[in-house]
Amino acid sequence: MLTSVYITNNPLHVLYSIALIKKAVFGEEYLIVWCGTQSLEKHFPETSSIFDYRVLDLSHLQLDYYFDFQKKYKAFLSEIVNHVQKIDYLVTCFDTHLGFEALRNHYSVHWDQVVILEDGIGNYFRSTMPLLRRQIPKSILNFLKRGYLLNMTRSNLGGNPKVGFISALAPEVVYKHRKSKAKIVSIKNEFRATLEELRVEIPKIYYEADVLISLTPIFSQNRMSEAELVAYINKILSHPSIEGATRVIIKPHPREDLETLERVIFSNFGNKIDVADRGSIEMYLPALQNMIWAGLPSSGFLNSFWLYGASNKYIVFPLFHKPFSPHVLQALKKLMGSALDIQND
């Protein structure tokens with residue numbers, strides 16, 4: 001019997017994994033390995049259908065950083081070996097977790113047995129992640145320490161011509177290396193079904209919102225000061241399509257410092273803007289239609305567009321001091337067409 005193992009470290013990866021399991025093309029036996037730093041219960045309510053699936057929660061190992069993983073390498077493998085004897089298909093994401101290379105090496109998984117999860121924007125244009133300059137030092141260190149091999153391919157997604165499978169919500173436009181023979185697996189219907197049966201209570205503010213402002217991790221990654229964020233939001237609020245909105249919400253990134261963000265927003269905007277929770281925005285997509293999405297581009301933009309079409313208006317406002325990658329913006333515009341408006345001034 002075929003066995004597939006899914007390496008995940010954010011809630012969206014878990015949702016994509018379940019959609020791929022529903023597709024039933026990689027065997028009946030499976031294990032979703034959760035490598036996040038917080039338990040899955042922190043991301044999904046206990047009533048969620050997520051917990052109907054076979055998930056191994058390794059959050060207690062705290063595998064977020066390279067040196068942490070080196071120290072806990074044997075413990076990580078021991079946990080997996082206790083549950084899986086062999087791996088026929090190893091499933092990972094575009095910006096792959098260190099555990100992927102560890103398992104690929106230990107179980108001798110060939111590249112044609114590697115499956116790439118849908119991973120939002122990164123699925124649809126040529127890119128390399130992580131950057132080569134960040135891969136090389138880690139690989140040299142691994143070699144000197146005789147550790148497991150770190151992925152040194154040009155890209156963990158379509159840029160790696162050896163990968164066997166790529167899953168996508170929009171298979172007709174997914175990026176593949178010109179020499180790639182990867183089979184493309186559509187999970188659009190399965191992903192929609194996964195969201196519909198998620199058993200998550202959608203907060204009332206999502207249904208009432210006219211405008212949703214999407215942000216990257218601002219304070220947790222020091223991308224903007226308080227003054228810069230306030231100026232950025234004021235710029236969004238002054239847009240002709242938004243200035244008359246009566247209910248505006250900010251959707252924080254899952255890795256954001258929520259306490260700081262809430263303090264800054266309330267002290268500068270009072271009750272004019274609500275700050276939502278850090279849960280994966282995909283859990284709430286059914287309530288976030290027929291409205292305006294604004295702010296920084298995200299995979300949520302694409303996922304909403306793929307599943308529900310152009311029911312929303314999407315407006316991207318690049319940062320003042322850190323222009324967003326033109327490759328990303330160009331790719332998004334090409335994919336979303338007239339549904340996406342990019343503000344350049």
Go through the steps for I218 and S220 under the test side-chain contact (heavy atoms from CB on, under 4.5 Å), then give the verdict. CA-CA 6 Å; I218 300 299; S220 63; over 6 Å; no
Does D52 form a salt bridge (charged side-chain N to carboxylate O under 4.0 Å, His left out) with R199? I'd like the steps, not just the answer. CA-CA 11 Å; D52 296 341; R199 299 199 300 269; 3.0 Å; yes
Check the pair R263 / E226 against salt bridge (charged side-chain N to carboxylate O under 4.0 Å, His left out), numbers first and verdict last. CA-CA 10 Å; R263 176 185 57 78; E226 177 176 336; 3.6 Å; yes
Could you give me the CA-CA distance, side-chain angles and deciding distance for D277 and Y284, then say whether side chain to side chain donor-acceptor pair (under 3.5 Å) is met? CA-CA 11 Å; D277 63 86; Y284 311 129; 3.0 Å; yes
Can L296 and F317 be said to form a side-chain contact (heavy atoms from CB on, under 4.5 Å), step by step? CA-CA 6 Å; L296 296 170; F317 292 81; over 6 Å; no
Can K313 and S241 be said to form a side chain to side chain donor-acceptor pair (under 3.5 Å), step by step? CA-CA 10 Å; K313 182 175 182 179; S241 298; 2.9 Å; yes
Start with the C-alpha gap between E41 and E46, add the side-chain angles, then the distance that decides, and say whether side-chain contact (heavy atoms from CB on, under 4.5 Å) holds. CA-CA 6 Å; E41 285 80 1; E46 60 182 14; 5.6 Å; no
Evaluate H60 against W34 for ring-ring contact (aromatic ring centres under 6.0 Å, His included), listing each step before the verdict. CA-CA 10 Å; H60 61 282; W34 171 250; over 10 Å; no
Begin with the C-alpha distance, continue with both residues' side-chain angles, and end with the deciding distance and a verdict on side chain to side chain donor-acceptor pair (under 3.5 Å) for T3 and E28. CA-CA 7 Å; T3 301; E28 297 179 3; over 6 Å; no
Before you tell me yes or no, could you show the steps for S39 and D57 under side chain to side chain donor-acceptor pair (under 3.5 Å), namely the whole-Å CA-CA distance, both residues' side-chain angles and the distance that decides it to 0.1 Å? CA-CA 7 Å; S39 68; D57 191 331; 4.7 Å; no
Go through D341 and V316 one step at a time and tell me if the side-chain contact (heavy atoms from CB on, under 4.5 Å) criterion holds. CA-CA 6 Å; D341 178 16; V316 168; over 6 Å; no
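If you run salt bridge (charged side-chain N to carboxylate O under 4.0 Å, His left out) between K22 and each of E197, E190, E196, only E197 comes through.
In this structure the side chain of I32 reaches within 4.5 angstrom of the side chain of I21, judged on heavy atoms. Using a 4.5 Å cut-off on side-chain heavy atoms (C-beta onward), I202 and L288 make no contact. In this structure, the side chains of P286 and Y308 come closer than 4.5 Å at one or more pairs of heavy atoms. Side-chain contact between Y206 and L285 is absent, with no heavy-atom pair separated by less than 4.5 Å. The side-chain heavy atoms of I273 and L237, taken from C-beta on, include a pair separated by under 4.5 Å. Put simply, the side chain of N234 does not reach to within 4.5 Å of the side chain of N268, judged on heavy atoms. The closest side-chain heavy-atom distance from S186 to I184 is not below 4.5 Å. In this structure, L215 and H253 have side chains that are not in contact, with every pair of non-hydrogen atoms separated by 4.5 Å or more.
To the nearest 0.5 Å, atoms CH2 (W306) and NZ (K188) are separated by 8.5 Å. Here NE2 of H106 is found 12.0 Å from CG of L90. Values are rounded to the nearest 0.5 Å. Residue K74 holds its NZ atom at 11.0 Å from OG of S78, rounded to the nearest 0.5 Å. The OH atom of Y16 sits 15.0 Å away from the OH atom of Y6 when rounded to the nearest 0.5 Å. In this structure, K72 NZ and L77 CG are separated by 14.5 Å, a value rounded to the nearest 0.5 Å. Atom-to-atom distance recorded for T194:OG1 and I50:CD1 is 7.5 Å, nearest 0.5 angstrom.
Taking each heavy atom of F305 and A339 in turn, the nearest pair found is CE1-CB, 3.7 Å. Here the shortest heavy-atom pairing between G99 and F76 reads CA-CZ, 3.7 Å. For the residue pair V211 and M291, the shortest heavy atom distance occurs at C-CE, 3.8 Å. Across all non-hydrogen atoms, the minimal contact from L258 to A276 is CD1-O, 3.9 Å. Across all their heavy atoms, V275 and P252 have their closest contact at CG1-CG, 3.7 Å. Residues S304 and Y314 approach most closely at OG-OH, 2.9 Å, considering heavy atoms.
Between the side chain of E228 and the backbone N or O of S225, at least one donor-acceptor pair lies under 3.5 Å. Not one N or O on the side chain of S280 forms a donor-acceptor pair closer than 3.5 Å with the backbone of P11. Although no hydrogens or angles enter the test, the distance criterion places no donor-acceptor pair under 3.5 Å between the side chain of Q85 and the main chain of V81. The main-chain N or O of A182 is found under 3.5 Å from a side-chain atom of K176 such that the two form a donor-acceptor pair. A donor-acceptor distance shorter than 3.5 angstrom exists from the side chain of S267 to the backbone of V264, with no hydrogens or angles considered. Of the possible donor and acceptor atoms, none in the side chain of R104 sits under 3.5 Å from a partner among the backbone N and O of H110. Between the side chain of K251 and the backbone N or O of G279, at least one donor-acceptor pair lies under 3.5 Å. Without hydrogens or angle criteria, E256 side chain to F219 main chain gives a donor-acceptor distance under 3.5 Å. Remark: the backbone N or O of D88 is paired with a side-chain donor or acceptor of Q113 at under 3.5 angstrom. For the pair Q62 (side chain) and T37 (backbone), a donor-acceptor distance under 3.5 Å is present.
Using cut-offs of 30° and 60° for the angle between ring planes, the F165 and Y89 rings count as perpendicular. Using cut-offs of 30° and 60° for the angle between ring planes, the F301 and W293 rings count as perpendicular.
Side chains of E118 and H13: a donor-acceptor N/O pair is absent below 3.5 angstrom, by distance only. Remark: the S59 side chain and the Q38 side chain contain no N/O donor-acceptor pair separated by less than 3.5 Å.
Linking Ile, Leu, Val, Met, Phe, Trp and Tyr residues whenever their side-chain heavy atoms come within less than 4.5 Å leaves F266 and M224 in two separate clusters. The hydrophobic cluster containing F26 also contains L2, counting ILVMFWY residues as joined when their side-chain heavy atoms lie under 4.5 angstrom apart, directly or transitively. A continuous path of Ile, Leu, Val, Met, Phe, Trp and Tyr side chains, each step under 4.5 Å between heavy atoms, connects F51 with L20, placing both in one hydrophobic cluster.
Ion pair D112/K183 not flagged as a salt bridge, since none of the NZ, NE, NH1 or NH2 atoms sits closer than 4.0 Å to an Asp/Glu carboxylate oxygen.
For K42, the NZ atom is loosely surrounded, since the number of other residues' heavy atoms within 6.0 Å does not exceed 12. Within 6.0 Å of atom CD in E201, 12 or fewer heavy atoms from other residues, nucleotides or ligands are found, so the atom counts as exposed in its surroundings. Heavy atoms of other residues, nucleotides or ligands lying less than 6.0 angstrom from CD of E172 number more than 12.
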